[in-house]
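Notes to accompany the following structure.
These numbers come from a predicted model, not from an experiment.
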Amino acid sequence: MFSSSSDPDQDAAELLLNSPVFAGVPDASRRALVRQLNPQDAAPGETLFTQGEPGDTLWMVAVGEVVLTRATAGGDTAELDRAGPGQMFGELDIIAPGPRSSTATALAPSRLLVLRRGVFRQLLNERDPAAEALLRALTTRVCHRLRRLDARIALLSDARRGADADQLARRLAELDAGAPAPASPPESL
Amino acid sequence: MIDLLDVPLFRGLEPEVAEAVASVFTRRRLEAGDCLFRQGDRGDSLVIVLDGLFELIQDDTGEELHLADVPVGRILGLVSLVDPGPRTATLRALEDGEVAVLDQNTFNKLWDSQGDAAARLHHQLCQATVHELRSAERKLLELLNAPVHEQLPAGLAPELAMRVRRAILGA
């Protein structure tokens with residue numbers, strides 16, 4: 001017998017409901033948050049949003065993988081971030097809206113759940129436990145990103161100053177040590 | 001000399017919430033030449049300069065590198081408060097001054113005693129960190145106005161040059 005392939009929305013909801021981010025959060029609050037999310041599918045190569053356009057939504061990956069990139073004036077494409085199942089992106093825009101700082105592109109067939117800023121703020125104002133847990137996770141994630149970004153800037157600054165191979169190798173080691181893999185718990189939903 | 005309540009971080013809070021938050025900060029006076037923390041120290045606190053002038057320096061390469069002046073009102077260590085780790089620079093007083101410090105333990109206790117205040121402060125801190133991240137992204141992109149490979153020192157071993165380039169581009 002074919003076991004009926006489960007409903008992707010149900011899977012996505014389960015993924016969120018069981019995420020360590022919401023440990024200790026009452027079930028009702030978790031479920032209420034999940035009901036506020038809008039599902040969206042993306043094919044590989046599909047652009048979800050483009051650098052420079054206004055945005056105020058948080059995206060969570062239920063299935064698939066998304067890469068966040070930005071074209072540089074120097075002709076390089078800088079990869080800013082990558083998100084797989086259970087991970088999120090767009091956290092800057094839901095916290096403080098502004099032009100999207102990167103372009104989000106699906107790398108695989110993906111199912112995404114979208115949370116709007118207005119909904120999130122309303123839940124935070126009500127001191128909703130799930131929203132607060134999410135904010136804590138977002139803060140941690142923003143801090144990790146900032147730490148990692150600062151380390152990359154330091155590496156490039158050192159290179160521009162003409163640092164020698166030993167100094168650059170040490171900076172690389174610091175960057176590796178301070179940069180958890182994308183799947184590590186602090187960044188996971 | 002400024003009042004902690006005049007710092008923008010507090011301006012978005014209702015007066016009674018701001019008072020509650022301000023009261024859990026520790027004040028520390030420093031004399032010119034004193035260091036509040038040193039590069040490599042484990043940091044788990046947020047620091048706000050209330051008086052005097054400070055500087056951030058790096059000295060891990062043997063020679064001292066002045067990174068920035070830190071004037072009154074500046075907030076440091078947002079990341080350390082949420083995600084403790086080694087300080088990336090030393091904070092030294094250029095003249096006698098005073099700072100307000102909030103460590104992670106105190107912040108966590110605030111959640112228990114003054115949940116509303118902690119929640120609001122957390123939201124403000126998160127927003128401030130996002131602004132810092134956005135400006136760091138802008139800085140990196142400015143530095144990337146020229147291709148990375150043209151900015152690396154001449155004569156680097158190709159393997160190291162490739163690793164550095166990939167790390168900078170985040171690939």
Do Phe22(A) and Asn18(A) have side-chain heavy atoms sitting under 4.5 Å apart? no

At a heavy-atom distance under 4.5 Å, which candidate from Val164(B), Leu125(B), Leu81(B) has the highest pair count against chain A? Val164(B)

Using non-hydrogen atoms and a 4.5 Å limit, figure out which bit of Ser102(A) sits close to chain B: side chain, backbone, both or neither. neither

Among Asp93(A), Asp150(A), Asn125(A), Asp158(A), which has the most heavy-atom pairs under 4.5 Å with chain B? Asp93(A)

Which atoms of Ala154(A) approach chain B - backbone, side chain, both or neither, heavy atom under 4.5 Å: neither

Side chain, backbone, both or neither: which part of Gln58(B) has a non-hydrogen atom closer than 4.5 Å to chain A? side chain

Is there side-chain contact between Pro54(A) and Pro99(A), with heavy atoms separated by less than 4.5 Å? no

List the residues meeting ring-ring contact (aromatic ring centres under 6.0 Å, His included) with Phe37(B), not counting sequence neighbours, and say none if there are none. none

At a heavy-atom separation under 4.5 Å, does Leu92(A) approach chain B through its side chain, its backbone, both, or neither? both

Out of Arg70(A), Glu132(A), Arg127(A), return the one with the most heavy atom pairs under 4.5 angstrom to chain B. Arg127(A)

Please confirm whether the backbone N or O of Arg111(A) pairs with a side-chain atom of Asp41(A), one donor and one acceptor, at under 3.5 Å? no

Let me know if Leu149(A) has heavy atoms under 4.5 Å from chain B in its side chain, its backbone, both or neither. side chain

Quick check for you: among Arg163(B), Lys139(B), His131(B), Arg134(B), which has the greatest number of heavy-atom pairs under 4.5 Å with chain A? Arg134(B)

Within the supplied structure, the quantity of interest is the number of heavy atoms (other residues, nucleotides, ligands) at a distance under 6.0 Å from Arg170(A) CZ; does it exceed 12? yes

Quick one: which of Thr88(B), Leu67(B), Leu156(B), Leu78(B) has the most heavy-atom pairs under 4.5 Å with chain A, could you say? Leu156(B)

If I compare all heavy atoms of Ala32(B) with all of Asp96(B), which pair ends up nearest, and what's the gap? N-OD1, 2.9 Å

Hey, can you tell me if Phe49(A) and Phe89(A) have their rings parallel, tilted or perpendicular (30° and 60° cut-offs)? tilted

Do you know the tightest heavy-atom contact between Arg11(B) and Leu5(B)? CG-O, 4.4 Å

Inspect the contact between Arg121(A) and Asp56(A) and indicate whether a charged nitrogen and a carboxylate oxygen are less than 4.0 angstrom apart. no

Tell me, out of Thr69(A), Leu138(A), Val142(A), who's got the most heavy-atom pairs with chain B below 4.5 Å. Val142(A)

Could you check which of Val82(B), Leu65(B), Leu152(B) has the highest count of heavy-atom pairs closer than 4.5 Å to chain A? Val82(B)

Kindly give the heavy-atom pair with the smallest separation between Ala117(B) and Ala20(B), and that separation in Å. CB-CB, 4.4 Å

Under 4.5 Å, counting heavy-atom pairs only, tell me which of Ser80(B), Pro147(B), Ala146(B) racks up the most with chain A. Pro147(B)

Give the member of Arg136(A), Gln167(A), Arg171(A) that has the highest number of heavy-atom pairs under 4.5 Å with chain B. Arg136(A)

Contact winner vs chain B - Glu91(A), Arg161(A), Arg160(A), heavy-atom pairs under 4.5 Å: Arg160(A)

Which answer fits Leu144(B), side chain, backbone, both or neither, if we ask what part of it has an atom under 4.5 Å from a heavy atom of chain A? both

For the pair Ser29(A) (side chain) and Ala130(A) (backbone), establish whether a donor and an acceptor sit closer than 3.5 Å, ignoring hydrogens and angles. yes

Taking every non-hydrogen pair under 4.5 Å, which of Ala154(B), Ala119(B), Ala157(B), Pro86(B) racks up the most with chain A? Ala119(B)

